[in-house]
Amino acid sequence: MPRDNAIDPPDTPAHGRVYNFSAGPACMPESVLVQLQGEMLNLFGTGIGLLEHSHRGAAYDRLLDEALHAVRACAGVGPEWEILFMPGGSMQHFPLLAMNFVPTGGSAAFLDTGLWAHKGAAETSRVCTVRTLFDGTKVRYAHVPEAREIADPGDAAYLCYCSNNTVEGTQFRAPPRTAVPLFCDATSDIFSRDLDWDAHELVFASGQKNLGASGICVVFARTSLLARANASLSPMLSYAHFAKTQSRPNTPPTFGVRVIGLMAKWTLDHGGTAAFARRAAERSAIVYAAIDRSGGFYRGSSEAGCRSTTAISFQLPSDALVDAFVSESELQGLHGLRGHREWGGIRACLYNAFPSQGCTLLASFMDDFARRRG
Ligand code: PMP
């Protein structure tokens, strides 16, 4: 069972490594990297390396079983949820969701709360009609909607939202309430806190943040939802078929499945989602405090009530200052702080494996930079 008093992960990087604030692929626990290093040559004492094992053999059966077990325990979901490992990134799921769950002539609803939700809606609109129930561009994506700001979904097949807007740094405190099935892109906050699973029918996340490897997604889907999916799709695009074949309708991304399994186990070993939620709140507060005491030099991208605990995004007075901030911070061993290329500014991602001393160092660097350049 997850425990909230578990030992904290190391709070500084190993010798020769730096604080990596990258949005993804992102920093991973060093213990997991070391384990993978050994398994590359010899998995489970078989004399065959992780990348060399057949996906139909006993070693992969064990690896898959361990991964499913750890992911299920970390999420805390029961047998009414299927857990799928699917190749590709989160972006692939937007059209896939529509193909699987929107009937001919039907629609999907979206909350446009940021760049990824926006791109997701655009991808979906290639397959079916999209209804935007909240247009965050009108508020410069500074907040996620309250219930009264969300329009009626009508007969949309589902409502899809993004729980944590990685680029803009806003996060839903609780899932939006809606009369239609709720789907969640949890790519950048999966396993960083408890999720209200009862509110959802499907949740997906790509691997390159709290799950480790890129190019693979975990999809949690209710068995009852899969039973209602479009049965005439190519099996290779069908969630139900992935469930039926234990996520191996063809050769699966075996390395990614192992990484996700180890990441989920590491998360459990360090207290599970509740402990990481507490840490994320504490760590992000250190950086937000530096924004707030800067007298407006740093301008946070999100409103106070929905600040993300895993992606902190802020602007500086000029692009030249952003460049200076990035290069000077790197000299202090603080890397990966440049904001998304379509949003600008600075972004600090604090995923589960991020060593927490980095937040204190970043905050004091921010104080110093503002004093010198403000
Ligand atoms: N959704 C969110 C919330 C993201 O942060 C990202 C990538 N950072 C994506 C979707 C796209 O993920 P991928 O590159 O795996 O398709």
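Counting starts at 1 for both ligands and their atoms, following the listed order.
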Please indicate whether any nitrogen or oxygen in [X] is less than 3.5 Å from any nitrogen or oxygen in ligand 1.
X	result
N164	no
F94	no
S188	no

Tell me whether [X] reaches ligand 1 (any heavy atom closer than 4.0 angstrom to a ligand atom).
X	answer
C162	yes
Q208	yes
K209	yes

Under a 3.5 Å cutoff, is there a donor and acceptor pairing between the side chains of [X] and [Y]?
X	Y	value
Q35	E39	yes
T310	D189	no
Q208	S206	yes

(request) Check whether more than 12 heavy atoms from other residues, nucleotides or ligands sit under 6.0 Å from atom CZ of R177, and answer yes or no. (result) no
(request) Check whether more than 12 heavy atoms from other residues, nucleotides or ligands sit under 6.0 Å from atom CZ of R126, and answer yes or no. (result) no
Find all atoms of ligand 1 within a distance of less than 4.0 Å from any non-hydrogen atom belonging to [X], and give their numbers and elements.
X	value
T166	2 (C), 3 (C), 4 (C), 5 (O)
M91	11 (C), 16 (O)
S206	12 (O), 13 (P), 15 (O)

(message) For the aromatic rings, using the six-membered ring if either is Trp, is the centroid distance between Y161 and F110 under 6.0 Å?
(response) no
(message) Below a 4.0 angstrom heavy-atom separation, can you tell me which part of S90, side chain or backbone, both or neither, approaches ligand 1?
(response) both
(request) With R373 as the cation and F297 as the aromatic partner, state whether NZ or CZ is under 6.0 Å from the six-membered ring centre and within 45° of the axis. (result) no
(message) Restricting to salt bridge (Lys or Arg N to Asp or Glu O under 4.0 Å), what partner residues turn up for D194, sequence neighbours left out?
(response) none
(message) Please list the nearest protein heavy atom to atom 10 (C) of ligand 1 with its residue and the distance rounded to 0.1 Å.
(response) D185 OD2, 3.4 Å
